Every structure is written in C-alpha cells, then in structure tokens.
Colleague: 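Provided herewith is a single structure, encoded as structure tokens, for subsequent inquiry.
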Number of protein chains: 2
Amino acid sequence: MAIRKDGQNSFSRTTLADVARESGFSPSTISIVLNEAPISRYVAAKTKEHIREVAKRLDYRPDAFGRSLRKRRSHTIGVMIFDISDPFCTLILQGIEKSLHSTEFLPFIVDAHNQREQFERYLAMLLEYRVEGLIVVANWLFIDIETLSELERHRVPTVLVGSEMRSGPLGSVLVNNEQGGYLALQHLHSLGHRKIAFIRGPRQLWDSSRRWDGVLRFAAEVGLKMPKKWVVELTGSSESNSSFDEGRSLTSTMLQNDAGFTALLAFDDLTAFGAVRALRDFGRSVPEDCSVLGFDDVPHAALFNPSLSTVRQPMERMGSIAVGRILNEIQQGGEVAPGKGRVDLLPPELVQRESTGAIHPTSKILARKIGKI
Amino acid sequence: MAIRKDGQNSFSRTTLADVARESGFSPSTISIVLNEAPISRYVAAKTKEHIREVAKRLDYRPDAFGRSLRKRRSHTIGVMIFDISDPFCTLILQGIEKSLHSTEFLPFIVDAHNQREQFERYLAMLLEYRVEGLIVVANWLFIDIETLSELERHRVPTVLVGSEMRSGPLGSVLVNNEQGGYLALQHLHSLGHRKIAFIRGPRQLWDSSRRWDGVLRFAAEVGLKMPKKWVVELTGSSESNSSFDEGRSLTSTMLQNDAGFTALLAFDDLTAFGAVRALRDFGRSVPEDCSVLGFDDVPHAALFNPSLSTVRQPMERMGSIAVGRILNEIQQGGEVAPGKGRVDLLPPELVQRESTGAIHPTSKILARKIGKI
DNA sequence: TTGTATGCGTTATCAC
DNA sequence: GTGATAACGCATACAA
C-alpha cells in the first residue's frame, strides 16, 4: 500500500481518537454518544451536541472492522448465488434485499458462476468475514449434494432457496414443484388439449423430478396418455441460455418426428421460449397451432411475444421468507432451532397469458388472417 | 448475542491463539507460516508442516476483521448498482465479478433499488467497510448529479460504468452513445427505410441526449426528414419494465395518429419490446410491416420473437475495464492518477437479427401467408 | 529459527 | 457525567 507524502496511509481516515482530540473529550465518551448507548443518558446535552458537531465536521465514520472485532458481530448475511444473470435468481435476490433493508444486516452477495471451485472459495471468504447467516440461492443447477452438505459443518445458520435437499438438516424455501407440475398439466387439459408434448427437467435434479411427479399425478387422474415420442428431457448444462437452446432443438426434433401435438409443457420459461422459436421455425403459430406453457414467470415472460402463460414461483416472497428464517435462527443464538431443517413449500400460481389457448380455434385464425390480407 | 451453554460466544471460532496453544508454537510463528510471509523461509519444514496440520485439524480460518484492522486493508471493492433486476446491470456485474476473480479483491455488491435514500445509506456502509475502490453501475437512471458528485468527497477511487458525468473528476466507462445512435439510424436507412419513427430517451438524461445526437448527425448527413409526429420521448420513470410499457403506449399513440412509418428506432431493447407489442396489437407484423431496432442487446433480445436487431453495448467488457481502472488507481495509492476523470468510450456494435428488414417486401409476405393458409 | 511486545479502531467495564 | 483501561484477532518489528 502506498504511503502518501503527508505520511498518512491512504487507508486511514478520521478515527474516534481524532474526534476525541478535536472535541476535547475522551474516545469512550465519543463512542457512547455517537452510538446512543444507554449510558449516554448521563452525558450532558451540550457535550452530546458538541461531539456530534465535531464528528460531522470531521466526516467521522466508524470503522466496521474495529467495531466488528470488538463487538464480535459482523452484521452481515452471506448470500451465495450461482448465476446472477439468471432472472430467476434476480427476483429472489430482490426479495432478500428488500427484507434486509429494515434490519441491521447487510447482505454480502457473491456469485459462484456455477463453478464448484468458486463456490468453495467464496464460501471460505464469507466465513472469514464472519457472516452471521447464509442464504444459498440455488437456481436449478447443481453443486452436488456433498458440496452443499459441507455447509452444515460451519456453525452458520443456513437456508437454501429455490431448491430442496433430499436429506440433511439444511432448511429450505421453495415452490411446491409437485403442485406446480399438477397445475400446469391441468391448465392445458382444461383447455381441451389431449395431445401434449413434454420437455421435462433433468432427471438427476430432485426438484425437477418432483415437478414431474405432479404432472404424472394429474395425467393419472384423468387418464391422459403420454406417448414416449412426446416426452423429452433436458440435460441441464450449466451455461446460461442453454435451456433456450435445448428447448428449441428438442422441440424441433419432436416436430420432425410427429408434429401432431397441440400443446407443449416446458420445464421452465427459457425452455418455453426455445420451444416457441422452434414452433415458429416450423411454421406453427402460438397459441393458434400449439399452446406453450412455461414455469417460473421470469420478468420477461410477460413481455415475450406472445406473452407467456406460465406457472409462477413466488420468487420475491421466497427471498423474504428465507431472510425471516435466517433472522430467526440468528436470534436463537445459532442454536439448532426447532424449525431448522424445515422445508417451506410455497404454492405456485398459474398465470394465463397469450401462449396458451383452447384447442382448435383454427377457423377464427383463418378468418383473421384473411381479413388482414 | 446469545451465550451458549459451554460459555462460548456463538460468534467465536478457533483463533491463532488456539492453533498456537494446540501446536506448541507462538501465535506469530503460526501467522508467519500460514501467510507464507517472506520470513517463513527460515522456519523449519517440520514446524511448518505441523502447524498447517493443526490449523487444518482445528478448521482454523483467519478472521477478516482482525486481519483487515491490522493490515489496514479491506480487500474489497464496493459495487453499487441501482437495479439488479435490470438485465443491463447484470452483464456488467458479471464482467466485474470475472475480472475480480483473479485478484485479491472481493466485490461487495449493494443494490440501491433506484432510491436515493438507499444509495446514501449503502454508500455510508461501504465506506465504513473501508472498500478500497468503488464501482458505480448506472443503468440509465437517475440519482442526480449532486448525489453522484458526493462520491468525489470520499477518498475512494471511483469509476462510473454505463453512464457519464458531464463534468467532475469521476472517471467513467461507457459505450459511445453518439456513435451508437448514428449506427442505429444508418442501419435502418441502409435497409431502405425513409419513414422512421423514433422513441428517444429522456431528454434530461445526458447519455440519452448523446445517443440522440448521433441519430441527428446521420439524419443530417443523408438529409432524412424526421417529422415531429414520429418523434416521441420516454419520461424515464424508475420502475422496472416501465420502458416496456412506455414503449408500448407511445407506439400505440403514433400508430393511431399516422401509421405510415416503416421502421421504428427505440431507445433501448425494453422499449423496443414494447413497440413490437404495440405493432402486433395494431395488426402489424415485425419486420414485414415495420422494422424495429433496439439498443443494448440485453440477454433476452436474441430469444425474443422475432429476435431483436439491436445496437450492442459491450457490457461485460465495460465491467472488466472498470475493474482494471480501479485496480490501477488503487495501486497508485489513491493518488489522483493521470487517468482519473478519464472517460472510456467503447464502440457499439450493430447486431442484425430478425426484427429489421428491407423495406416493402410485402409481396413476399402475402405469398407466405397465402401459402400457409 | 522462534518468541515477545505492540497497535490497528472500537466498545464495555469500571473507576473517578 | 466523564475518562482510563483492557480486550477483540491479527501481523509485524524487534529481541533472543
């Protein structure tokens, strides 16, 4: 670190001692006054005023390191995300941020870029910074079970958002995927669709399987047939936008094999966007020739063309609930609280927009097209 | 903070002293060895090994607060953003993160949610945490000049990304908006368009005016007429997705007044999405009946339907350049470096996709539509 | 080759 | 009402 000509280290600022010297009072008094500690009741009003004035004039700012060292509290909550460019994470993050605003805590956000190595490095750093709680935002990707269960070893209250660990004491907050899958298929079915194509999520992903369970449950209830040719599966590469590309190519393939389906249920919104693109490339319009339903309700789903019908995850709420749970655990002093290991399953919500419609409105479409010409 | 039954504060961990006690060496030796300080050359290999073994066994982690206090360095770079849900910010953030990975610095990210009050609160906190540099990511919104110029007062090297201050010593990194505006109109003009509608950015926004200057320069060069009825302006509310809504309603209005334009140049991608929606509502298809050109190239522009032609800002590069500049300034010891106050203007790049096309291919469209029917 | 002493900026406890 | 002192965890100059 460079030393400046005036002999001051460029890191140094005005400290309590400076304020003390300048005001003529002792550092302890300054501290007491500026922090409005209980004892400050006994400090003369004039003194207080003077001290505050001097502090302001010198632009004094308490040093977080000195303070945290002394108080043995960091006042930070670590927030680990795996891909900040994933719009899914983004809304959860907002929920977290907003909930933290009203507290004494500052979020310490790091982005592991879907890389295990980064995850571990950042985790270590967060622990060195003595975060008092940890929120892990798992978009539907990876970092395997072992890595996550590592989290339990550290004594920091931790909660997982957007994903569920099949076992282990780690609490989690996520949407009810099973119910979401059920709702999704129910929606298409209620619109009259019987020939439905499916792009399900990666099999190895627990949450994806749960969602699929919901689909299967509804299919069983109404006796829907799901021919193999119309059921495909994402592989789940961790590159961003990959599910768009996969959705597009899987849909293309299905269309070439047997284009007879009238609706398509995608694993998530990005996949749905890809499917819409493939359908259009194939000369099919959405929803007239084929309905498409997504999952998540990312911010752009409503802007898309056609606007995307989807199953909404209450992402912002998931974030704020996670914060609530962490604060709770912190207050309990890091003890294994009764609610620890609990799983909060939030209800999904079907959002109908333009990309899904009743089956066979072909005549109407023809009419409109001719009219336009 | 709760005290545990074993009398330990739940904040406490194993410290250097613990490792010292356990290994039989003194704290200083431990510190020297674990940090691989130069002097550690003189420490016996066996000693080193032993110390490292014990440290690992006790799961020792250096305390960032103790260390930073002593070394008077925080090893953090503050990153202030104004809306994390803005995809524009997202890519810049990624650029910042990636560039920081290879350094000793940790990004400390905060989101001011477009609120001045939050901005100030977070700024104060970042300063308390003694960030060694500050990167401000300004999506095209606000926090007025005074607020930003406040930044100069603090002795922290600061660089602004994505926006430019008209004056003041604050360095900035952004796209060449003037050139971008020029390129945009040039593109539409080269496709044969002469009747062009414009949705320009908020007038009070400096960067927006620069972009508009570029548009005007090209228009002047080729003698393009820009009737007032086809030039509208965003107001620039700070709500997210607002430019979609505004783009949509402004376009609707123009269409109702005089729908004779064959192309539309939007201030940014979100506005363009809104314009496309309005056109579609009006029964116009893009690009057949009207070309639409965006600005930014947000991640979803390519996924959109039709995929959006746009002027790309090199957002990730902007982030990494900002990091480079900050690191530079830090190395110079916070001195007013020669490059300070400099403005890096990065070249924009035209990305042609589906939403723009040559004028009057009407016959082709008719043919296709009839064929499909 | 290793240990001792000191101080970073803060706050809590106690003494005056 | 206010001030002196110690301690938080660490790294370093210096002593041994």
Side-chain angles (χ1 to χ4, degrees), chain A residues 1 3 8-51 54-55 58-75 127-130, chain B residues 1 3 8-51 54-55 58-75 127-130:
Chain A
M1 167 128 294
I3 301 299
Q8 289 236 319
N9 184 307
S10 65
F11 183 75
S12 71
R13 312 287 185 87
T14 88
T15 80
L16 262 192
D18 296 328
V19 181
R21 211 176 307 116
E22 182 77 10
S23 68
F25 290 92
S26 77
S28 24
T29 306
I30 313 290
S31 171
I32 287 164
V33 169
L34 294 182
N35 290 309
E36 307 187 53
I39 343 165
S40 70
R41 285 182 299 144
Y42 304 118
V43 177
K46 260 193 297 189
T47 309
K48 286 186 190 172
E49 203 182 336
H50 180 219
I51 287 178
V54 172
L58 298 189
D59 196 26
Y60 167 71
R61 299 170 187 283
D63 181 295
F65 294 99
R67 167 181 293 183
S68 288
L69 187 57
R70 175 62 231 236
K71 308 219 326 181
R72 309 161 103 193
R73 299 208 41 189
S74 67
H75 289 282
L127 292 172
E128 289 181 7
Y129 273 88
R130 300 288 187 251
Chain B
M1 169 130 290
I3 301 298
Q8 290 235 320
N9 186 311
S10 64
F11 185 73
S12 72
R13 312 286 184 88
T14 86
T15 80
L16 263 193
D18 296 327
V19 182
R21 210 176 308 115
E22 182 78 11
S23 68
F25 290 92
S26 80
S28 44
T29 306
I30 314 290
S31 170
I32 287 164
V33 168
L34 293 182
N35 290 310
E36 307 187 51
I39 344 164
S40 71
R41 284 181 300 144
Y42 306 117
V43 176
K46 259 193 295 186
T47 309
K48 286 186 189 172
E49 202 182 336
H50 181 216
I51 287 177
V54 172
L58 298 190
D59 195 27
Y60 168 72
R61 299 171 186 283
D63 180 296
F65 294 99
R67 166 182 295 185
S68 287
L69 188 56
R70 174 63 230 242
K71 308 221 322 182
R72 307 160 106 199
R73 297 207 44 189
S74 67
H75 290 282
L127 291 172
E128 289 180 7
Y129 273 89
R130 299 290 186 250

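Throughout, a chain's letter reflects where its sequence line sits, starting with A, and its residues are numbered from 1. Note that this is a predicted model, so its numbers are computed, not measured.
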Colleague: Counting only side-chain N and O atoms of A/T47, is one of them less than 4.0 Å from OP1 or OP2 of D/dT2?
Modeller: yes
Colleague: Using whole Å, report how far CZ of B/R13 lies from P of D/dC8.
Modeller: 17 Å
Colleague: Using OP1 and OP2 only, check whether a side-chain N or O of B/S31 sits under 4.0 Å from D/dA11.
Modeller: yes
Colleague: Pick the closest DNA chain C nucleotide for A/N35 and for B/A44 by heavy atoms, then say which residue is nearer the 5' end.
Modeller: B/A44
Colleague: Has A/T15 got a side-chain N or O lying under 4.0 Å from the OP1 or OP2 atom of C/dC8?
Modeller: no
Colleague: Ignoring backbone atoms, test whether A/R67 places a side-chain nitrogen or oxygen under 4.0 Å from the OP1 or OP2 oxygen of C/dG9.
Modeller: no
Colleague: Can you tell me how far C1' of C/dG7 sits from CG of A/D63, to the nearest Å?
Modeller: 14 Å
Colleague: Below the 4.0 Å mark, does D/dC10 have OP1 or OP2 next to a side-chain nitrogen or oxygen of B/Y60?
Modeller: yes
Colleague: Output the single nucleotide from C/dG9, C/dG3, D/dA11 whose closest atom is nearest the side chain of B/T29.
Modeller: C/dG3
Colleague: Taking the side chain of A/L16 as its heavy atoms from C-beta onward, which of D/dA11, C/dT10, D/dT2 lies nearest to it?
Modeller: C/dT10
Colleague: Distance check needed: C/dG9 P versus A/R73 CZ, whole Å only.
Modeller: 23 Å
Colleague: Do A/R130 and B/D63 have side chains that get closer than 4.5 Å, going by heavy atoms?
Modeller: yes
Colleague: Of the listed nucleotides (D/dT12, C/dA12, D/dC10), which one gets closest to any side-chain atom of B/K71?
Modeller: D/dT12
Colleague: What integer distance in Å separates A/I39:CD1 from D/dA4:C1'?
Modeller: 14 Å
Colleague: Relative to the 5' end of DNA chain D, which residue comes earlier, A/R70 or B/R70, by the nucleotide with the nearest heavy atom?
Modeller: A/R70
Colleague: Please step through side chain to side chain contact (heavy atoms under 4.5 Å, CB included) for the pair A/N35 and A/R67, ending with a clear verdict.
Modeller: CA-CA 11 Å; A/N35 290 309; A/R67 167 181 293 183; 3.2 Å; yes
Colleague: What's the closest nucleotide to the side chain of B/L69 if the choices are D/dT2, D/dC10, C/dG9?
Modeller: C/dG9
Colleague: How far apart are the closest heavy atoms of A/K48 and A/V43, and which atoms are they?
Modeller: CE-O, 3.5 Å
Colleague: Okay, side chain of B/S31, backbone of B/P27: is any donor-acceptor separation there less than 3.5 Å?
Modeller: no
Colleague: Between atom CZ in A/F65 and atom P in D/dA11, what is the gap in whole Å?
Modeller: 13 Å
Colleague: B/P27 near the nucleic acid: base, sugar-phosphate alone, or nothing, with a heavy-atom cut-off under 4.0 Å?
Modeller: nothing
Colleague: Give B/R41 one of three labels, base, sugar-phosphate or nothing, depending on what nucleic acid heavy atoms sit under 4.0 Å from its own.
Modeller: nothing
Colleague: Output the single nucleotide from C/dT10, C/dT1, D/dG1 whose closest atom is nearest the side chain of A/P62.
Modeller: C/dT10
Colleague: Rounded to the nearest Å, what distance is computed from the NZ atom of residue A/K46 to the C1' atom of nucleotide D/dT2?
Modeller: 15 Å
Colleague: Rounded to whole angstroms, how far apart are NE2 on A/H75 and C1' on C/dT11?
Modeller: 12 Å
Colleague: Does the pair A/S74 and B/F65 meet the rule for a side chain to side chain contact (heavy atoms under 4.5 Å, CB included), with working shown?
Modeller: CA-CA 9 Å; A/S74 67; B/F65 294 99; 3.7 Å; yes
Colleague: A/I30 has an atom CD1; how far is it from atom P of D/dT2, in whole Å?
Modeller: 11 Å
Colleague: Is the shortest side-chain N/O distance from B/S28 to OP1 or OP2 of D/dT12 below 4.0 Å?
Modeller: no
Colleague: Go through it in stages, so that I can follow the logic: the residues are A/I51 and A/L34, the test is side chain to side chain contact (heavy atoms under 4.5 Å, CB included), and I'd like the CA-CA distance, side-chain angles, deciding distance and then a yes or no.
Modeller: CA-CA 8 Å; A/I51 287 178; A/L34 294 182; 4.3 Å; yes
